[in-house]
Amino acid sequence: MIAPRWRKVFRDIAETPLRTALAVAAMTAGAFGTGMILTSYSVLSRELKTTYSDTRPASAILSVDRVDDALVESVRRVPGVVDAEARPVIYARLRVGKDQWVPLILFVVRDFRDLRMDRFTPDSGAWPPKDDEVLIERASLSVTHASVGDRVIVRTSDHSEHPIRIAGTVHAAGLAPGWMEHAATGFVTLSFRAGGAPEGQSTARNPQPVAGVHPSAVAAGDSSPRSTPADRRGPSVREFSGGALAVLDPSGVSAARDDRVIESPQIRILAPGDEHHIRDVANRAAAAIGHVTRIDIPTPGRHPHAAQMDTFLFLLGAFGALTFALSAVLVANMIQALLVEQLRQVAVMKTLGASTRTVASLYLGQVAILAGAALCLGIPPGISAGLAYARFCASMLNATITSAMPPPWIIALEIAAGIVIPLLVALGPVYRASRISIHEAFANDVGRRAFGTRASDRWLARMEWLPRPLMLSLRTTLHRRGRLILTVATLAAGGAAFIAALNVSAAWTRTLDADALARRFDVQAAFSRPYRVARVAQTLATVPDVVHAEYWTEAGAMLGDARVSLVGPDVNSKLLALPLIEGRWLKPDDDGVCVINQSLAARGLHTGDDIALTIDHKAVRWRIAGIVKELAPHANVYASPRTILAATGQARDLARGVRVVTRRHDIPAQVAASKAIETALDRGGIAVGGIQALSDARQSFADHLVIIKSALIFAALLVVLVGGLGLATTLSLNVVERTREIGILSAIGATPRTIARDVVFEGMVMAILSWGVAVAAAIPITFALDAATGRMFIRTPLDFFLSPIAIAAWLLLVLILAAMSSFFPARRSARMAVREALAYE
Amino acid sequence: MISMQRISKTYETPAGSFRALKNIDLDIATGEFVAIVGKSGSGKSTLLNMIGGIDRPSSGALTIGGTSIADLDHNEIASWRGRNIGFVFQFFQLLPTLTVAENVMLPMDFCGTMPRGQRRARAMQLLDRVSVAEQADKLPSALSGGQQQRVAIARALANDPPVILADEPTGNLDSETSVAIFRLFSELAADGKTLLVVTHDPEAAAPVSRTITIADGCVA
């Protein structure tokens, strides 16, 4: 038989369905939000790591002059090398429309059935492909504007065009999603021939991706930020199972040369261990090979889009913690109100012999029952929603969720938190109520000072300019300070999170726009090899859209183990105006001086420091004159053309790319111009390695932010939901507590409409108060999020921006929330029978 | 049974200190049926609260059944009160979500004075004593005022306390019911209970053995 005290607990719960529902709803919102965020966090962290590690990512990628089976075998015998595989890369372009091409990176696979590293799996269609077929990475199929089974035209960097059939799709989780990179990736067989010189001849050309394209349409699989698009020089020979290339004249470009660029020979090695160990092994392998032009070492275990993931998971975690905290505050608020209603019964129980502990146990027990109900209601949908969100995010990042269950400890944590936190939160109010003296409890004025005892009360009393009923409502609202503060704080926290989320989202957009504005050109093209500036200029002169063109000096270098890009804008160029973080920009007479970007500065470099670079195996030291901010996670070093040419020995009149200003600057004009420019260059015999309108580059970066922005908006809405519940709870409780007062008002002539209006007015007052607090609180939150997300993704804080749209949107939203939250309490108050209301205790 | 020596009680209010009781000396023997009368605000209920341990005196000594109340802490006094004092309130103060029988069983539940299996039987016995046994399984809201007060008296007797305190027990009842309630109190006094009743109703309080008048915090 259940003891009477516990029957009271159960019946108290059933007796007040509205309050019970609100309390459970608040706890459920917290359990749901926390469950969803913890689930998506844990599943994504695990699955991304697993998906990536299942591909057996290469520990290091060695770019060589030539590669053959014997070489690969010799590398396998190097101590520390667990496995090695050759996987040459063909940089090509794929036609997606009339005169419209997109970058296409083709990996040549020796044996589809024996993928030793950087593995990929069949997704649809045929496996393996035939010699004239390609398997497209599934996340880049949309970039091809084609479907499985279609024949597409591929142009390799020797300018030959080849029809090739898309035989199927594969899933290569180790690659960045093609739709984000705006580049397609495919896999072809060993016997795939993209033109090519007759056997016996070899040529090599290091295809030159468009410098500055975000973040990589280059060596897919080069996931390290140190693997930047870079100019590669020097002889490069391809001999691969019968294929052949021509040797490039190492001193420069010869006009009478065989331009057949086929591929970038690479050997990938597997050497488990930390980065230091991998570098040692890679160096040993390079020494064994003897002709390695470049070594790329991806950060071990780090997905290509790990920075994005880190930012997104951080936001999820931060907002999850906020939701949880707000939910706890909400629960505290409700328990406080519940206990105020129950004080008289507490007093009665104590007169009947109940101890403080007994009384406390009853109310804590009630909280535990409600918390248990909230867990049952909130956790299963929270887990489901978390999984759905994890799947969405995984699809964005081209990963697969193989195991949908969150780790058992996460579920245990959610359950424990769902029970323990409400109990902990309730402990204070329950303890205070249980310890209250019977006399105080019967006097029924606990915690409530009579109106008029505070200076603020007397100020409120002078507020005679409002209609009296509204004035009464306002005084009542402002007099209950504790509850007002809790409610306003909860709603304000939700609002601050909402505003901050929109601020950060807008800051990203502004950062994108500012970066685009800093680059005052419309189209950027990279050539497959250097050409004489005069020849290119002559060709571009035939394009009416072209107003101005500049041919910057560009090269690659090493800074310690990291690859950096050297960029030399024209001396008086107006095409680049990157914002300065420190120091100054380049001057026309600068020599041995450079400006670095924030990615490089993150290594602890400052203005005035010397930077030691290795360029073509020669050491140079330049003085850092300034640091700029740009949307490029990789490291750029800007220097005068004279400085770069002196260090590299490049010929002055050669161009590896061009930046073009077009007649019009809108997106369609840029796209049309890039097509026209490519067509002209093509007709002029200039092999284009890549061409991109600036708007497309911007869009590519924006696509990388989709997942971050979705996290911001979703998390903010969750916080708003909890805040709204808080307001609804408070308004309901206020109406209950004012029952007798409402009865008196009705008895002296107030209409139901007037009473309902007063309740709505009370809600609006709280909403507006909370809006003011939210705007103020959003400022530091925005700063913190700008700093955290900016540093994670682009290694510099975002510029602070307070969005007027966010502030206005929150005001509108909170007023709507107040109206909705007031509806039922207002209706309830209006329907109260006067006699009942007056008799209410 | 009850001994009060120089009991004073002062309350701090926003308007300043208020002395509700001033040096009260009072002795009440076992089995006495005492009425405490006086104007509103004279200190009657305060006096009752002191005796019941609901409130603590600011100064003075209070002994009930040999126990000095001042020596008991917060939890001890609750336990002591449950076993030694039965309270009857003006507004009945029955817990609204418990049935009549459950309300009567509640003090037994808190103090553990009766084996669990015997509590219902005891509650029925007490309800029968106060003539409301047939209402045992109803909620208080289904009962009249007089019936609710009878239930409250049964609840006050649940742990068989030696002292019954009633604060204006007939304040919400009609005259006929008030007389009946006082008759019930007389029976309890005859059974050896010590009863103190604060009342404004001299007619209904006729059966009392002694009347104490409180005026301005003092025994008149």
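Throughout, a chain's letter reflects where its sequence line sits, starting with A, and its residues are numbered from 1.
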**OP:** Might you work through the side-chain contact (heavy atoms from CB on, under 4.5 Å) test for Lys350(A) and Arg81(B), ending with a clear yes or no?
**Re:** CA-CA 8 Å; Lys350(A) 289 183 109 173; Arg81(B) 184 171 48 241; 4.0 Å; yes
Subject >> Thr99(B) vs Arg7(A), side-chain contact (heavy atoms from CB on, under 4.5 Å): CA-CA, chis, key distance, verdict >> reply: CA-CA 10 Å; Thr99(B) 62; Arg7(A) 290 189 203 188; 5.8 Å; no
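No more than 12 heavy atoms of other residues, nucleotides or ligands lie within 6.0 Å of CG in Asp216(B), so this atom counts as exposed by the packing criterion.
Neither the backbone nor the side chain of Arg83(B) comes within contact range of chain A, judged by heavy atoms closer than 4.5 Å. For chain B, the nearby parts of Thr356(A) are the backbone and the side chain; heavy atoms of each come within less than 4.5 Å. In this structure, the portions of Gln345(A) lying under 4.5 Å from any heavy atom of chain B include both its backbone and its side chain.
If you tally non-hydrogen atom pairs under 4.5 Å between each of Pro161(B), Gly52(B), Ala78(B) and chain A, the highest count goes to Ala78(B). In terms of heavy-atom pairs under 4.5 angstrom with chain A, the leader among Ala158(B), Pro107(B), Gly117(B), Cys111(B) is Pro107(B).
Across every non-hydrogen atom of Phe110(B) and Arg5(A), the tightest pair is CA-NH2, 4.0 Å. In terms of heavy-atom proximity, Asn159(B) sits nearest to Leu352(A) at ND2-O, 4.4 Å. The minimum heavy-atom distance linking Gln93(B) with Arg344(A) is given by the pair NE2-NH1, 3.2 Å. Taking every heavy atom of both residues into account, Arg11(A) and Leu98(B) meet most closely at NH1-CA, 3.6 Å.
Under a 3.5 Å cut-off, the side chain of Asp109(B) and the backbone N or O of Ala3(A) do not form any donor-acceptor pair.
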